[in-house]
Every structure is written in structure tokens, then in C-alpha cells.
J.: 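Shown below is the structure under consideration.
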There are 2 protein chains.
Amino acid sequence: MATLTKTRIIDAAIAVVDEHGFDGLTMRALAEQLGVTATALYYHYAGREELLAGLVEHQTATLVQAAPAEGAWDERARTLITTMVSELDRQPELAVWIITTQARQPPVLQLHEALLAILIDGGFSPRDAIEAKGILFRYVIGHLVLANAPEGQPWRQLPEHYPLLRATGPAHDTIDRVQLFERGLDTILTGLRPEVPRAGGSPNQWVPDRGVVLGPAPRSWHDG
Amino acid sequence: MATLTKTRIIDAAIAVVDEHGFDGLTMRALAEQLGVTATALYYHYAGREELLAGLVEHQTATLVQAAPAEGAWDERARTLITTMVSELDRQPELAVWIITTQARQPPVLQLHEALLAILIDGGFSPRDAIEAKGILFRYVIGHLVLANAPEGQPWRQLPEHYPLLRATGPAHDTIDRVQLFERGLDTILTGLRPEVPRAGGSPNQWVPDRGVVLGPAPRSWHDG
DNA sequence: ACCTGAACACCGTTCAAGT
DNA sequence: ACCTGAACACCGTTCAAGT
């Protein structure tokens with residue numbers, strides 16, 4: 001029996017999530033998967049929170065690199081966001097956990113930084129870029145949360161108290177969520193034009209020196 | 001000591017949430033607040049889920065009535081949404097619970113129905129109305145979830161690995177979230193114009209007969 | 001250094017028993 | 001009809017003890 005390592009623990013955690021879902025990922029279940037006592041995990045991770053953070057880091061490592069480095073700002077933003085959403089959509093429970101508890105942790109901060117870079121390259125002023133980023137993130141987060149919501153009854157079978165939902169039920173039940181998401185994303189991007197649109201490339205006056213934005217993040221903000 | 005009723009239980013639940021937060025609302029804590037055993041609650045509510053649903057019903061009862069019955073569709077939508085958000089923002093933890101677990105339950109369905117009515121009155125086709133509703137809800141939900149996210153470190157104190165977030169930190173930390181939300185809402189509403197805009201009032205061909213949309217909802221969809 | 005075993009302080013929930 | 005008490009099957013976490 002090989003000795004316990006962080007890598008082995010995270011791999012086992014992924015296996016447990018695949019088998020029993022995100023809620024089934026308890027310290028005891030994870031320990032059983034590893035053939036070990038639950039308390040043994042505390043030697044490698046300070047607690048459940050830290051373990052999940054490690055899992056998130058592993059699952060989102062390649063997310064930011066999806067952002068193309070060149071092109072029109074709205075195309076770059078669209079690519080970053082749709083890639084990110086399609087990746088996170090595969091683990092919606094994990095995505096919701098990230099969103100609700102890790103909003104200011106490195107994996108998420110990397111996405112903020114990447115989107116901000118795109119907006120600023122596109123000619124947005126700092127305030128407008130922050131605002132645009134906030135609006136886009138709100139939309140993305142809402143989508144991810146809804147993707148994780150329990151299916152519930154079909155809209156067309158609702159009680160008569162909801163006549164419009166009922167009448168539009170068939171259309172409601174068959175709508176393509178990906179298409180809906182992208183239509184909304186387009187709507188927002190179109191409405192968020194910078195005052196002075198610029199082609200990518202030339203630097204902005206107020207933009208600080210920055211290194212490679214896409215490099216590996218520090219494990220937590222304390223390291224920085 | 002008065003006998004236990006659903007009303008008394010819900011009132012006590014509100015008191016517990018005020019004192020110990022949403023996470024502190026356990027069956028045992030609620031029982032203690034009522035001077036009763038935890039198991040006594042199961043005589044009145046089938047379980048925790050049902051009890052929380054009762055709490056939600058109580059807290060959101062007046063939400064839908066904020067929608068003005070007349071005026072331009074976008075003004076009506078804006079009023080419905082901003083009122084709803086400002087109400088739910090006062091109990092963000094509860095709001096997130098509603099969103100993530102009660103997405104198809106009556107209190108939320110009422111909001112869907114109300115927004116759908118506004119869009120259809122505004123001239124949206126069924127498909128477009130559903131799509132617009134989906135986009136708007138995604139944005140609103142994202143905002144509510146972010147409002148509940150842990151504050152975390154100030155943006156301006158982030159490590160150097162996030163140069164743009166750091167540089168824009170002061171602006172980031174002082175931004176008015178309500179204003180940001182409303183700017184985004186305007187952006188979306190502006191982008192979501194119906195193909196054939198109409199003044200409120202005249203009926204749409206395909207709109208089914210419907211009674212008073214704003215009446216009290218059935219307690220659960222099973223009742224309908 | 002790395003892991004076990006027992007224990008603590010919690011959860012939601014069930015169910016027989018009391019009044 | 002309405003509530004209690006004991007118990008079940010879980011949680012995350014701590015800590016002394018083993019090797």
C-alpha cells in the first residue's frame with residue numbers, strides 16, 4: 001500500500017465525486033476509498049475546506065489558458081467565458097461550491113484577472129472594465145447556478161395558477177440552454193462597448209507593468 | 001406555554017436566523033428557541049426542507065406584488081427585478097438557498113410568471129419571452145449569489161500575481177454594487193427589445209386566458 | 001514522519017412511549 | 001392530538017497513542 005500524498009488524495013476525491021456525487025465526498029468516504037482512516041487525511045490537509053480547495057485547483061488548472069491572446073476584445077471575452085462555462089458545467093455542484101465559497105480564492109481570481117486584461121486591452125477604462133467584469137460574472141454565475149438547480153416538474157405540467165408558464169411550457173421545456181446562454185452573452189457584450197474601442201496590441205496609458213498573466217497562481221493569496 | 005403552530009415555528013425560525021445566521025437554523029436550535037424538543041417539530045413539518053419552504057413562503061409573500069400592472073414593459077420589468085433583488089438582498093443566505101434548491105417551487109414560479117406576463121405584454125413572442133426571462137434570471141441570480149459571497153481580502157491587497165486586479169483595486173473596493181447591478185440590468189433590458197414593441201394593454205393573439213396572476217400561490221405545485 | 005483509535009460535539013430523522 | 005426520550009446513522013475535527 002503506497003503512502004498517502006496530496007496527489008493521491010485528490011485523485012481519490014475525484015473518484016468519490018464521480019461515484020457518489022459532490023455531497024457524497026465526505027472525509028470518511030474519501031478515507032475508505034483510500035483504505036485509510038478519516039483522521040489520516042488531516043495529516044495532509046488542514047481540513048475539508050483546504051482539501052476541496054486542492055480539488056478545485058486541480059480541476060480548474062487549465063481554465064484560464066483558454067483565453068486567446070489576440071483578436072477583438074469581445075471575441076476574446078466570449079471565448080474565455082464560454083470555455084470556462086462549458087468546463088464548469090461538467091461539475092456543476094463543484095462549480096456552485098466554488099462560486100459560493102471561493103469567490104476570492106486564486107482559481108477564481110485568475111479568471112477575474114484574465115477577463116480584466118481582455119477588457120482593458122479592448123479600451124475600457126478601469127472603472128468601466130471593473131463594471132463590465134462584474135456584470136459578465138453575474139451573468140455567468142447565474143447560469144452555472146441554474147445549471148445545477150434540480151430539474152423539477154416540466155413547465156407544461158404546472159398547475160393552472162401559472163397560466164403563462166403553462167402555455168409556454170412546451171417551448172420552455174425544449175429550449176437549448178447553451179444557445180440561450182450565448183444569446184444572453186452576446187446581448188451583454190454588445191451593450192458593453194468601451195467608449196474608445198481599440199485594436200488589441202498597443203498599451204494603455206494607465207496599465208501597469210504586468211508579467212505573464214497566465215502563469216501558475218500562488219496556492220493561496222497568503223503566498224503572494 | 002402556548003401550543004405549537006406553524007406560524008409560531010416560522011416566527012421562531014426568523015428569530016433564530018437573526019441571531020445565529022442561516023447556518024445556525026438547525027432543528028435543535030429552533031426547538032430550543034421554542035422551549036420544545038427537536039422531534040416535536042416533525043409533528044408540524046415533515047422535515048427541515050419543508051420547514052424552510054414555509055419560511056421562504058413567509059418571507060417572499062409580498063414580492064411579486066411589486067410589479068406595476070401598467071407602463072412600458074422595460075420599466076415594469078426593471079421595477080419587478082430591482083424590488084425583488086433589494087428584498088432578497090436583506091437575507092442573502094436565504095436567497096441563495098432558494099435559488100439553489102427551490103428553483104421550481106411556487107415562490108420562484110410566481111416571479112417567473114410575473115416576469116413572463118410583463119414580457120408578453122411588451123410584445124415578445126413566446127420563445128423570445130422565455131429566452132429574455134432566462135437571461136434576466138441568470139443575471140439576477142448571479143448578483144444574489146455574489147452578494148452572499150464572503151468578502152475576502154480587499155482587491156488592492158492582492159499579491160503581485162494579479163497586477164491588473166491590484167492596480168484597479170481601489171476602484172474595485174469602492175464600487176457601488178447596486179449601481180453596478182442596475183447598469184447591467186439596463187444593458188440587458190436595452191439589448192432585449194421585442195421584435196414588435198407594443199404599448200401595454202391590447203391582448204396578444206396567442207396569449208391564453210389568465211386570471212389574476214398576482215393572487216396567492218398554491219402552497220406547492222401538488223395542490224394545483 | 002505518518003497513521004490509528006477513541007472520543008467530542010454536532011447534524012437530521014425515526015419511533016415507541018407518554019399525556 | 002400533541003409532545004418527549006432514546007436511539008440511529010451520520011457529519012467534521014481533535015488528540016493521545018502507536019509504529
Side-chain angles (χ1 to χ4, degrees), chain A residues 1-58 93-94 96-98 100-102 105 150 219-220, chain B residues 1-58 93-94 96-98 100-102 105 150 219-220:
Chain A
M1 184 63 74
T3 185
L4 228 46
T5 62
K6 292 203 174 193
T7 310
R8 275 193 68 218
I9 292 174
I10 296 300
D11 286 346
I14 292 168
V16 171
V17 170
D18 283 346
E19 252 184 273
H20 305 100
F22 185 73
D23 284 345
L25 180 57
T26 66
M27 300 303 271
R28 284 174 169 88
L30 177 54
E32 191 185 12
Q33 173 83 17
L34 287 158
V36 108
T37 305
T39 51
L41 300 169
Y42 287 84
Y43 186 80
H44 300 273
Y45 285 100
R48 187 171 185 267
E49 188 93 344
E50 197 170 299
L51 196 150
L52 288 178
L55 177 61
V56 168
E57 225 175 295
H58 183 270
E93 290 172 314
L94 186 65
V96 168
W97 183 81
I98 296 172
T100 51
T101 71
Q102 307 285 101
Q105 293 307 117
R219 302 214 138 216
S220 90
Chain B
M1 183 63 73
T3 184
L4 227 47
T5 62
K6 292 203 174 193
T7 311
R8 274 193 69 219
I9 292 174
I10 297 298
D11 287 346
I14 294 168
V16 172
V17 171
D18 284 346
E19 253 184 273
H20 305 99
F22 185 73
D23 284 344
L25 180 58
T26 66
M27 301 303 271
R28 285 174 169 87
L30 178 54
E32 191 185 11
Q33 172 84 17
L34 287 159
V36 107
T37 304
T39 52
L41 300 169
Y42 287 83
Y43 186 79
H44 300 272
Y45 285 100
R48 188 170 183 268
E49 189 92 344
E50 196 170 301
L51 197 151
L52 288 178
L55 177 62
V56 168
E57 226 174 294
H58 184 271
E93 290 171 314
L94 185 64
V96 168
W97 183 81
I98 296 172
T100 51
T101 72
Q102 307 285 101
Q105 292 308 115
R219 303 214 136 217
S220 91

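Just so it is clear: chains get the letters A, B, ... in the order the sequence lines come, proteins before strands, and each one is counted from 1.
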J.: For D/dC3 and B/H44 - does any side-chain N or O of the residue sit under 4.0 Å from the phosphate oxygens OP1/OP2?
T.: yes

J.: Quick one: side chain to side chain contact (heavy atoms under 4.5 Å, CB included) partners of B/E32, sequence neighbours excluded?
T.: none

J.: Does atom NE2 of B/H44 have more than 12 heavy-atom neighbours from other groups under 6.0 Å away?
T.: yes

J.: Pick out the pairs of N or O atoms, protein on one side and nucleotides 16-19 of chain C on the other, that lie under 3.5 Å.
T.:
none

J.: For B/A40, enumerate each residue passing the side chain to side chain contact (heavy atoms under 4.5 Å, CB included) test, keeping only those at least two apart in sequence or located in another chain.
T.: B/L4, B/V36

J.: Answer whether the closest heavy-atom distance between the side chains of B/I14 and B/H58 falls below 4.5 Å.
T.: yes

J.: Which residues satisfy the side chain to side chain contact (heavy atoms under 4.5 Å, CB included) test with B/T26, sequence neighbours excluded?
T.: B/R28, B/A29

J.: Can you tell me which stems DNA chain C forms when a stem means 3 or more consecutive Watson-Crick or G-U pairs under 3.5 Å?
T.: C:4-8 with D:12-16, C:12-16 with D:4-8

J.: Counting N and O atoms only, with roles assigned by atom type, does the side chain of B/Q33 sit under 3.5 Å from a partner on the main chain of B/V16, one being a donor and the other an acceptor?
T.: no

J.: Residues in side chain to side chain contact (heavy atoms under 4.5 Å, CB included) with B/Y42, at least two apart?
T.: B/M27

J.: At under 4.0 Å between heavy atoms, how does the protein contact nucleotides 5-15 of chain D? Give one character per nucleotide, 5' to 3', with B, S or -.
T.: BBB---BBBBB

J.: Once you round to the nearest 0.5 Å, how far does CD1 of B/I98 lie from CD of B/E57?
T.: 11.0 Å

J.: Testing the basics here: between B/I10 and B/L55, what is the closest heavy-atom pair and its distance to 0.1 Å?
T.: CD1-N, 3.5 Å

J.: Within the pair A/Y43 and C/dC2, is there a side-chain N or O less than 4.0 Å away from OP1 or OP2?
T.: yes

J.: Working to the nearest 0.5 Å, report the span between CD of B/E50 and CG of B/L41.
T.: 12.0 Å

